[in-house]
Number of protein chains: 2
Amino acid sequence: MREITPLDLPDMARGAAVLGTGGGGDPYVGRLLAQQALLRHGPVQLVDPMEIDDDAVVIPTAFMGAPTVMLEKLPSGAELTAALQALEQLIGKKAAYTVSIEAGGLNSLIPFVAAAELGLPLIDADGMGRAFPELQMLLPTLGGVSATPMAIADERGNAVSLETVSNGWAERFARGVTIEMGCSAAVSLYVLTGRQVKDMMVHGTMTLCQRLGAAIREAGEAHRDPVAAATEVMGGRVVFRGKIVDVQRGTQGGFARGEAVLDGLADDLGSRMEVAFQNENLVASRDGEVVVSVPDLICLLDTDTGEPVTTETLRYGLRVSVVAAPCDPRWRSTEGLALAGPAYFGYDHEYVPV
Amino acid sequence: MREITPLDLPDMARGAAVLGTGGGGDPYVGRLLAQQALLRHGPVQLVDPMEIDDDAVVIPTAFMGAPTVMLEKLPSGAELTAALQALEQLIGKKAAYTVSIEAGGLNSLIPFVAAAELGLPLIDADGMGRAFPELQMLLPTLGGVSATPMAIADERGNAVSLETVSNGWAERFARGVTIEMGCSAAVSLYVLTGRQVKDMMVHGTMTLCQRLGAAIREAGEAHRDPVAAATEVMGGRVVFRGKIVDVQRGTQGGFARGEAVLDGLADDLGSRMEVAFQNENLVASRDGEVVVSVPDLICLLDTDTGEPVTTETLRYGLRVSVVAAPCDPRWRSTEGLALAGPAYFGYDHEYVPV
């Protein structure tokens with residue numbers, strides 16, 4: 001167990017943005033909210049998953065919606081605690097811990113807000129090891145854990161709860177409700193036991209975010225290559241270096257969808273790359289050939305500073321390096337690929353692991 | 001108190017279709033479901049609202065969605081009882097009675113299904129005295145009763161519950177969820193006390209439906225004018241007689257919207273009428289001038305048989321009489337008109353009572 005103070009958050013947010021693979025919401029928003037909550041309520045205890053009781057009640061918290069909207073409609077901690085408490089009431093039990101369902105982007109820092117507001121310790125783990133656009137794309141889904149009962153709350157005081165026959169239906173209803181709530185809402189779902197956290201979540205990802213963010217910052221301070229530093233922490237490799245020459249983007253069905261086109265600046269890494277995204281980067285093709293795809297991580301980093309580039313901040317002329325990193329091995333199982341592999345997103349190429 | 005058997009249902013369904021003012025869903029579907037439930041479980045007790053205890057727990061049941069879809073995707077009693085029981089669980093109380101929120105169309109007969117399945121008596125009353133397209137358009141809304149907690153259930157076993165800050169928000173979320181459920185869902189909402197039923201509901205409307213349906217049938221059997229018979233029971237008047245020459249129709253945002261154009265066949269009643277609808281008939285204009293509008297009732301009856309014509313069964317060549325009938329007087333208050341008057345539906349004319 002260790003204490004997380006507001007000083008830990010900037011590195012953690014930077015690392016979370018890298019694992020967000022372009023999406024997962026702007027971690028700057030998450031950082032601001034977490035910072036405010038930690039300043040008001042004091043530090044949050046970050047707990048190793050192996051330290052918790054097998055029968056502990058663990059209730060995750062998150063924001064759901066279109067990241068582009070969250071930049072304009074800043075969420076508050078009130079709806080987060082409302083969602084968590086509504087779920088406590090539904091199950092008739094109190095949470096002993098909260099945890100992140102998604103280590104990438106906004107949702108890696110959001111549970112710190114709930115933890116600080118409610119005085120709960122936070123578990124150093126998450127349910128994806130990255131960010132994914134849909135709520136059923138969680139390793140516990142593979143383990144048979146139900147996303148429901150699930151609670152959804154907005155900033156007006158509205159609350160919706162779901163009890164569905166599958167996690168896919170939970171995604172469908174929750175997406176519809178989130179859209180009615182103005183494309184962003186606080187959610188609490190996937191009630192887990194301590195044992196399930198140990199068996200099904202990705203361990204240590206909050207600490208990984210912090211290490212990754214620190215590596216980029218320290219490389220910059222020491223005038224070393226920050227992209228190389230990040231790549232090393234993630235165990236990945238640089239698959240392209242180039243300049244953004246085109247971005248197409250739209251909000252569709254509550255998602256930010258689009259594509260970025262890059263012109264090559266490193267002769268040995270090809271001349272053109274296309275990166276398709278749905279909130280997160282999904283597929284990177286180099287000179288017409290797929291080189292990385294979901295569930296592996298496709299991270300765009302500013303070539304000079306190593307700062308992660310989200311799909312909202314893609315813009316013409318930006319020089320970026322594209323880093324491919326391996327996903328949690330459980331995503332590479334047949335069931336994992338069915339849930340979050342290229343075919344699910346409508347691509348017909350085979351998945352080739354990084 | 002009296003017993004309702006399957007033999008009472010055909011007249012009741014016919015009358016309900018008249019009060020449905022073109023919408024409210026096909027009462028034939030409601031009649032089939034109610035008939036089946038009464039044959040299986042025996043008669044249902046119909047109770048006068050003045051007979052019930054002031055503190056009795058009353059839980060209404062209904063179907064929500066696009067009537068055009070319900071014709072193709074026949075709802076079952078299972079999701080109705082699921083919705084009512086989900087709401088019982090939310091409030092931690094058992095229903096002593098169920099009641100209709102809407103006397104017009106499908107939803108006048110639907111509560112008989114829940115009553116028969118669960119062995120509950122049904123109150124002879126409803127919340128509108130007619131049919132309206134949106135769930136906040138209920139007299140209890142005017143009395144400050146919350147539509148939530150509300151439960152929504154589908155035929156797959158999914159359940160959604162709502163707790164909203166206003167009945168307008170309940171409509172918005174419930175509509176979105178209903179659309180995701182395939183444009184039709186069972187709902188249970190507006191938990192009422194016996195006192196609230198007495199004070200805020202329209203009394204005797206189940207019996208009115210039956211009387212109205214019987215009057216049309218008996219007039220036909222006796223070779224009297226069935227339209228005149230219906231008009232008399234409703235205390236209304238015939239405002240047009242003509243032939244349908246055009247129908248425009250579409251499904252939009254979960255509603256059936258459109259307009260019918262009629263050519264006159266009775267010289268003293270004008271030469272042309274336009275009837276605009278959103279599930280229900282909203283505004284009837286005669287030779288360019290509004291003659292009836294919501295919240296008053298606009299009922300299209302087959303001129304020969306007196307059978308009610310719903311917006312789904314409007315077709316070229318049909319000879320219809322347009323009957324205008326007064327709404328419950330509480331709809332004519334400033335608050336009532338704000339909730340369900342012409343301005344709410346986007347019309348800029350003043351409301352002129354029938």
Side-chain angles (χ1 to χ4, degrees), chain A residues 64-66 76 78-79 81-93 134-136 146-189 252-255, chain B residues 64-66 76 78-79 81-93 134-136 146-189 191 253-255:
Chain A
M64 184 161 177
S76 98
E79 56 261 42
T81 55
L84 188 143
Q85 288 171 333
L87 189 47
E88 284 182 333
Q89 203 161 7
L90 284 172
I91 61 168
K93 290 180 199 166
E134 300 181 13
L135 75 73
Q136 76 278 19
S146 174
T148 66
M150 168 176 183
I152 312 172
D154 73 7
E155 72 282 10
R156 294 171 201 86
N158 292 311
V160 174
S161 64
L162 308 180
E163 183 73 63
T164 60
V165 293
S166 73
N167 294 351
W169 276 104
E171 161 66 27
R172 201 161 150 178
F173 295 135
R175 190 68 52 187
V177 169
T178 299
I179 291 172
E180 291 298 335
M181 285 179 170
C183 274
S184 109
V187 297
S188 198
L189 66 171
Q252 212 185 355
F255 292 113
Chain B
M64 184 161 177
S76 98
E79 56 263 41
T81 54
L84 188 142
Q85 288 171 332
L87 188 48
E88 283 181 333
Q89 203 162 5
L90 283 171
I91 61 170
K93 289 181 198 166
E134 299 182 13
L135 74 75
Q136 76 280 18
S146 174
T148 66
M150 168 176 183
I152 313 172
D154 73 8
E155 72 281 10
R156 293 170 200 86
N158 292 312
V160 175
S161 63
L162 308 180
E163 183 73 60
T164 61
V165 293
S166 74
N167 294 351
W169 276 104
E171 160 68 25
R172 202 162 151 179
F173 293 135
R175 190 69 52 188
V177 170
T178 298
I179 292 171
E180 291 297 335
M181 285 179 171
C183 273
S184 110
V187 298
S188 199
L189 66 172
V191 175
F255 292 114

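Note on naming: letters A, B, ... go to the chains in the order of the sequence lines (proteins, then strands), and numbering restarts at 1 for each one. Worth saying up front: this structure is predicted, and the values here are computed from it rather than measured.
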Using only distance (under 3.5 Å, no hydrogens or angles), which donor-acceptor pairs connect chain A and chain B?
residue, atom, partner, partner atom, Å
B:N158, OD1, A:V165, N, 2.7
B:A159, N, A:E163, O, 2.7
B:A159, O, A:E163, N, 2.7
B:S161, N, A:S161, O, 2.7
B:S161, O, A:S161, N, 2.7
B:S161, OG, A:S161, OG, 2.2
B:E163, N, A:A159, O, 2.7
B:E163, O, A:A159, N, 2.7
B:V165, N, A:N158, OD1, 2.7
B:R172, NE, A:E180, OE1, 3.0
B:R172, NH2, A:E180, O, 3.2
B:E180, O, A:R172, NH2, 3.2
B:E180, OE1, A:R172, NE, 3.0

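The two atoms that bring A:V177 and B:F173 nearest to each other are O-CE2, 4.0 Å, heavy atoms only.
With sequence neighbours left out, the side chain to side chain contact (heavy atoms under 4.5 Å, CB included) criterion links B:A174 to B:M64, B:L135, B:M150, B:I152, B:L162.
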